[in-house]
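What follows is one structure encoded as structure tokens, with my remarks underneath.
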Amino acid sequence: MARVARRKLIRLVAALVALLVVGIVVVLVATRDEAGPGAGPSTGPVPAPQPPSVPRDAPGTTPPDASSTGVPEGTSLSDYTGPYTISTAGTVIDAKRITGCLVIKADDVTIKNSLISSGGCFFNVLSDQGNTGLTLTDVEIDGQGNTGGDSAVNGGGYTCLRCNVHGTVDGFKAGSGVVIRDTFIHDLAESADSHNDGIQTLGTTDLKILHNTIVVVGRATSAIILSTNAADQIRNVQIDGNLLGGGAYTVYGGYDSTTDDKSKVSDIVITDNQFTTSIFPKGGAYGPLTSTAPPVRVSGNTWYDGPEKGKAVS
């Protein structure tokens, strides 16, 4: 009886093993079919992950110059034949050669990959009609040395990204709602009477000047000037990560306790900028910074070159 029981147990175990093997085979076949013909385990080395490509607008520490601003290399431009007063919201101007003065009177206008080359304009682009959302991206503005004009871009409600600005008296007149980033401002139009500024505000409640190269020469007043004495108010200004040089002083920070009304200014920060000695040994003719009494906050600014390279600007 014991031998009979053992034989039955052995047969039962054998049957169970056979069923298990069949199940495994079925699973393997189904998996292979789902993976597709020819699929199977890889026997080669696993490729290393590739770094993502770096777009032109990726943030970085390299100061903007002609190679990283303006119309991208290889862009084919055609002549702009549209209106010079833009009154249709959402208008897009792309890859155009523009030879007149643009007046923006609509929201959310985009100008990109284009050359604005016009020497007879007081403002090459005017955005002071209360509109918002104007963006200039990968645009070159060439004022052609016009000393009778004012600035490349004037007004509020605009963003300039990777712009190459030159040949105008001032680079930008900046009101409220303005962002100027990754932009190259240089070779402004000089005359005996010009007082060039890379960027000037005569009043703002929101201005960001981020990671630009602004180097002015000759009789220029400043790379950046916050003109509190001519403004109703100057508030919420961020000047960060720029390469700056030239001017009487390179940056006028918005508050001189001996001349300015303190109630007009608040939340002005000037941080992590670099100052070059390529124009003057002191950055500007008289120094790198002025009008930076509290409540203006200044920190992290250093010398880009010269004998004090890397050291704090005081």
Side-chain angles (χ1 to χ4, degrees), residues 52-78 80 86 90-99 102 104 108-118 121 123-127 132-144 151-168 170-175 177-188 197-201 206-216 223-224 237-246 272-274 276 304:
S53 59
V54 178
R56 195 179 186 195
D57 62 350
T61 57
T62 303
D65 59 18
S67 69
S68 59
T69 59
V71 182
E73 184 177 356
T75 301
S76 179
L77 300 179
S78 60
Y80 177 66
I86 309 298
T91 295
V92 177
I93 301 172
D94 186 8
K96 296 298 181 183
R97 185 183 299 104
I98 301 164
T99 57
L102 290 170
I104 311 301
D108 303 321
V109 173
T110 298
I111 305 169
K112 60 182 179 179
N113 307 315
S114 295
L115 169 63
I116 302 173
S117 182
S118 44
C121 300
F123 307 115
N124 298 78
V125 180
L126 176 61
S127 177
T132 61
L134 170 63
T135 61
L136 299 99
T137 303
D138 296 318
V139 170
E140 179 178 357
I141 303 177
D142 179 4
Q144 300 181 338
S151 57
V153 184
N154 179 82
Y158 67 82
T159 294
C160 207
L161 174 64
R162 296 189 303 273
C163 296
N164 183 345
V165 174
H166 55 95
T168 55
D170 285 357
F172 294 85
K173 285 291 199 307
V178 170
V179 178
I180 302 166
R181 192 184 113 202
D182 297 335
T183 286
F184 184 31
I185 304 169
H186 61 104
D187 296 308
L188 299 176
D197 304 301
I199 300 172
Q200 181 181 26
T201 182
D206 181 19
L207 171 60
K208 294 179 175 61
I209 303 171
L210 310 174
H211 190 242
N212 306 285
T213 297
I214 312 171
V215 178
V216 294
I224 300 170
V237 178
Q238 183 182 10
I239 301 171
D240 182 80
N242 303 281
L243 174 60
L244 307 169
D272 298 327
N273 301 284
Q274 294 181 299
T276 178
Y304 178 72

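In this chain, numbering begins with 1 at the start of the sequence shown. Here the structure is a predicted model, which is why all the values come from computation and not from measurement.
Between K112 and D138, every side-chain heavy-atom pair lies at or beyond the 4.5 Å cut-off. Within the 4.5 Å cutoff, the side chain of N273 has heavy atoms near those of the I239 side chain. Counting heavy atoms from C-beta on, the side chains of F123 and S151 come closer than 4.5 Å.
Residues passing the side chain to side chain donor-acceptor pair (under 3.5 Å) test with S78 are K96, sequence neighbours excluded. Residues passing the side-chain contact (heavy atoms from CB on, under 4.5 Å) test with T276, sequence neighbours excluded: V215, L243, S278, Y304, D305. Residues forming a side-chain contact (heavy atoms from CB on, under 4.5 Å) with S118 (at least two apart in sequence, or on another chain): I116, C121, N124. Partners of D240 according to the salt bridge (Lys or Arg N to Asp or Glu O under 4.0 Å) rule, which considers only residues two or more places apart in sequence or in another chain, do not exist here. The side chain to side chain donor-acceptor pair (under 3.5 Å) check on Q144 picks up S117, with sequence neighbours excluded. A search for side chain to side chain donor-acceptor pair (under 3.5 Å) contacts involving T213 returns nothing, not counting sequence neighbours. Legend: residues meeting ring pair (Phe, Tyr, Trp, His ring centres under 6.0 Å) with H186, ordered by chain and number and at least two apart, are H166, F184. Remark: V178 engages Y158, A174, I180, L207 in a side-chain contact (heavy atoms from CB on, under 4.5 Å) (not counting sequence neighbours). Residues passing the side-chain contact (heavy atoms from CB on, under 4.5 Å) test with Q200 are D170, K173, D197, L202, I225, S227, sequence neighbours excluded. Contacts of Y80 classified as ring pair (Phe, Tyr, Trp, His ring centres under 6.0 Å), with partners at least two apart in sequence or in another chain: Y84. Residues that satisfy the side chain to side chain donor-acceptor pair (under 3.5 Å) test with D108, not counting sequence neighbours, are absent from this structure.
A donor-acceptor distance shorter than 3.5 angstrom exists from the side chain of S127 to the backbone of G156, with no hydrogens or angles considered.
Across every non-hydrogen atom of N242 and I209, the tightest pair is ND2-O, 3.1 Å.
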